[in-house]
Structure formats: structure tokens, C-alpha cells
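Data first, discussion second: the structure below is written as C-alpha cells.
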Amino acid sequence: MVTTSRDPSARLRLFAKELCLLFPGARRMNRGRAELGALVGACRAAGVTDLLVLHETRGRPDGLTVSHLPHGPTAHFTLSGAVLRQEVGGLGGAPLAAPHLLLLRLDSTLGKRVGTILKHLFPVPRPDSRRVVTFANEDDVILVRNHVYRRRGRTVELEEVGPRFQLRPYLIRLGTLEQGDAADVEWRWHPYTATAPKRRLLSAT
């Protein structure tokens, strides 16, 4: 289930709609004035596996929270560089098939944990799926890309269909979203870790 912070801008509503195209089987819920507890309770009652909440600042999408139901964990990301489907260009129809996943350079302990959280947002694809979603780590920023490909003779044509955005994790809690500070912290980004010039959090090298 995909929803937003309260009183979303038109761009955030559109971005939420496009996230539903990225994640097969996802549905969008209008937040209205609902509290977090009511949102999570409604999702549990409906058998929803994950609740995604988008945040914004001045009409610019800048945050994503992923809460796995019914027991957690909950991962918080900063979100940047959001590009909508019509802004990517070269669009065909929206690909709805479950994609193959590429998790690149997410090979540290934390990177594998984040990769597992992201991977479980997708069902197992059919072997003949022509869609690929990539989560590529570059300097602890995860680049998210959505492509379709076609075989033409001996060549393969790759086409980006969007949306496109970047994620950076900053907090993982063991519980679900409505538990807030009551849930134990599994990992938290500390600003002082950025002072180590060559340290990487999401990759082993």
C-alpha cells in the first residue's frame, strides 16, 4: 500500500501513483486525516504486506518510509532526484509485470539488510519477464531505475520507463511504523560517520 504525508501536493500524489506502477500489486491510499495507527491497522486488516509512506518539502518528494507488516522492520530513507515517467521520455505503456531485480554493490552487512527490505517489495518474476528494476549503490546513495528490454535478433534494446529516483537510508527500526520511538533501533546513520573519508556503509569496499 502506498500513501503520502497529509495534504500532499499534486506532484507527490502523481509520484505515489507512479510508485504503484513500479511495485506490482501495489495500491494507493488517500491519506486524508488518518493517523498512523489507523493506517497501519487498516493495512493489517486487509492483509497488506508493506506500507510505503512518501514525504515532501515544498512540493518536492524527499522521503520514503517502508514498513513491513505485520511485525516490521521499518526503514526510513531520504529521497531525491525524483523524475516522473513523462519526464523520462521514450515511454510506451506502463509495464506491470513483476520485474527481475538487480541489487548492485549492496554487499556490506547493512547493504544486504537494505537490499533484503527492498527485494521483498516485489513478487517473484516470471522467467520471460521483460522488465528490470535496478537498485545500484553509488557512494551510499541507491539509484533506482526501471527498464524494459526487447530482443531484436542478436541485440537487446534497453529502454528506461521510469519513475527514477535516489534513496539513502538513515534509520531502521525493528517494529512497525505506528510504534515510532517505542520500536528498537536496529541501525541509525550518525553524521560523524561521514568524517571517515573512505568508509562505505552499503558496500563492502
Side-chain angles (χ1 to χ4, degrees), residues 1-9 11-12 15-16 18-19 22-23 26 31 35-37 39-40 43 48-83 101-122 133-146 163-205:
M1 188 72 72
V2 178
T3 190
T4 65
S5 52
R6 290 178 177 174
D7 299 320
S9 65
R11 184 174 180 83
L12 191 67
F15 188 60
E18 295 200 354
L19 272 193
L22 183 68
F23 301 110
R31 173 73 179 269
E35 299 287 345
L36 283 178
L39 278 178
V40 175
C43 288
V48 170
T49 59
D50 296 271
L51 174 63
L52 281 64
V53 183
L54 285 165
H55 309 275
E56 67 181 340
T57 300
R58 297 185 182 90
R60 179 175 57 86
D62 65 357
L64 174 67
T65 302
V66 178
S67 188
H68 185 63
L69 302 176
H71 304 301
T74 298
H76 300 261
F77 301 86
T78 58
L79 187 153
S80 61
V83 180
L101 299 180
L102 291 177
L103 303 175
L104 304 179
R105 295 179 294 280
L106 293 169
D107 48 9
S108 69
T109 300
L110 176 63
K112 291 176 182 177
R113 177 61 162 156
V114 171
T116 297
I117 291 171
L118 296 171
K119 179 174 65 177
H120 282 95
L121 296 173
F122 297 85
V133 171
T134 304
F135 296 95
N137 168 42
E138 289 191 4
D139 295 330
D140 291 335
V141 175
I142 302 170
L143 312 181
V144 184
R145 301 292 185 265
N146 183 24
R164 176 198 305 168
F165 54 97
Q166 299 168 182
L167 296 173
R168 184 166 192 160
Y170 65 89
L171 177 64
I172 301 176
R173 290 188 180 273
L174 294 178
T176 49
L177 183 57
E178 87 286 4
Q179 293 175 320
D181 293 341
D184 290 337
V185 173
E186 178 180 341
W187 173 83
R188 184 195 304 270
W189 181 76
H190 294 284
Y192 67 80
T193 61
T195 62
K198 294 185 178 180
R199 181 169 182 193
R200 297 289 180 263
L201 297 174
L202 297 177
S203 62
T205 56

Between E56 and S9: side-chain donor-acceptor atoms closer than 3.5 Å: yes
R188 meets the salt bridge (charged side-chain N to carboxylate O under 4.0 Å, His left out) criterion, sequence neighbours left out, with none
Residues passing the salt bridge (charged side-chain N to carboxylate O under 4.0 Å, His left out) test with R6, sequence neighbours excluded, are E35
Do the side chains of D181 and R173 get close enough for a salt bridge, i.e. N-O under 4.0 angstrom? yes
Could you tell me whether the side chain of D140 and the main chain of L201 form a donor-acceptor pair under 3.5 Å? yes
Counterpart residues, ring-ring contact (aromatic ring centres under 6.0 Å, His included), relative to F165 (two or more places apart): F15
Residues in side-chain hydrogen bond (donor to acceptor under 3.5 Å, both in side chains) contact with N137, at least two apart in sequence or another chain: none
When every non-hydrogen atom of F122 is compared with those of L22, the smallest separation belongs to CE2-O, 3.4 Å
Identify, with sequence neighbours excluded, every residue that meets side chain to side chain contact (heavy atoms under 4.5 Å, CB included) alongside T65. V53, H55, T74, H76, L177
Rounded to the nearest 0.5 Å, what's the gap from CZ on F135 to CD1 on I142? Could you check? 8.0 Å
Pairs involving residues 108-120, ordered by first then second residue, that meet side-chain hydrogen bond (donor to acceptor under 3.5 Å, both in side chains) (sequence neighbours left out): R113-E186
Please name all residues satisfying side chain to side chain contact (heavy atoms under 4.5 Å, CB included) with R60, sequence neighbours left out, ordered by chain then number. D62
Those residues that, when tested against D139, pass salt bridge (charged side-chain N to carboxylate O under 4.0 Å, His left out) (two or more places apart): R200
Restricting to salt bridge (charged side-chain N to carboxylate O under 4.0 Å, His left out), what partner residues turn up for R164, sequence neighbours left out? E160
My understanding is that only residues two or more places apart in sequence, or in another chain, count here; which of them pass side-chain hydrogen bond (donor to acceptor under 3.5 Å, both in side chains) with S203? none
Contacts of type side chain to side chain contact (heavy atoms under 4.5 Å, CB included), residue A16, not counting sequence neighbours: V2, T4, R28, L54
Taken in chain and number order and not counting sequence neighbours, the residues that satisfy side chain to side chain contact (heavy atoms under 4.5 Å, CB included) with E18 are L14, L84, R85, Q86, P163
Can you tell me how far OG1 of T49 sits from CE of M1, rounded to the nearest 0.5 angstrom? 9.5 Å
